[in-house]
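Okay, structure first, notes after.
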Amino acid sequence: MSAQVAIVCDQCGDLGTLGSTPHHARATLSGWTRRHGLDLCPLCRIIAENRARLASTA
């Protein structure tokens with residue numbers, strides 16, 4: 001039996017994918033990003049970008 005690594009969104013807990021290593025698992029994800037050490041799904045990534053944009057204009 002081989003070990004599997006799960007990539008999970010650090011904001012909402014959405015399961016992105018499973019893989020043999022974190023690098024291989026992240027390579028298969030589309031739209032996901034790694035920001036400040038956190039894995040973010042596409043929806044949480046958009047929310048984080050919009051919050052950053054709003055914070056910079058305030």
Side-chain angles (χ1 to χ4, degrees):
M1 184 158 96
S2 63
Q4 292 288 305
V5 176
I7 303 299
V8 178
C9 179
D10 289 309
Q11 285 294 126
C12 69
D14 183 32
L15 174 62
T17 191
L18 297 173
S20 58
T21 66
H23 177 73
H24 287 118
R26 284 187 185 99
T28 63
L29 291 172
S30 176
W32 283 59
T33 191
R34 185 145 174 91
R35 176 175 285 150
H36 304 293
L38 301 175
D39 289 308
L40 298 175
C41 70
L43 179 59
C44 291
R45 177 184 53 86
I46 291 169
I47 292 169
E49 289 170 355
N50 285 337
R51 283 183 180 157
R53 193 174 307 124
L54 287 172
S56 69
T57 60

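As a basis for the values below, the full set of heavy atoms in this structure was taken, side chains included, without hydrogen atoms, waters or symmetry mates. All residue numbers in this chain count up from 1 along the given sequence.
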Value for CG (L40) from CH2 (W32), rounded to nearest 0.5 Å, stands at 8.5 Å

Nearest heavy-atom pair of A48 and R35: which atoms, and what distance?
-> CB-NH1, 3.7 Å

Shortest non-hydrogen contact from V5 toward S20 = CG2-O, 3.9 Å

Measuring from R34:CZ to I7:CD1, what's the distance to the nearest 0.5 Å?
-> 7.5 Å

Taken to the nearest 0.5 Å, the spacing of E49 CD from L54 CG works out to 12.0 Å

Q11 CD to L38 CG distance, which is reported to the nearest 0.5 Å = 6.5 Å

Separation between SG of C41 and CD1 of I47, rounded to the nearest 0.5 Å | 7.5 Å

Hey, could you give me the CZ/OG1 distance between R26 and T33, rounded to the nearest 0.5 Å?
-> 10.5 Å

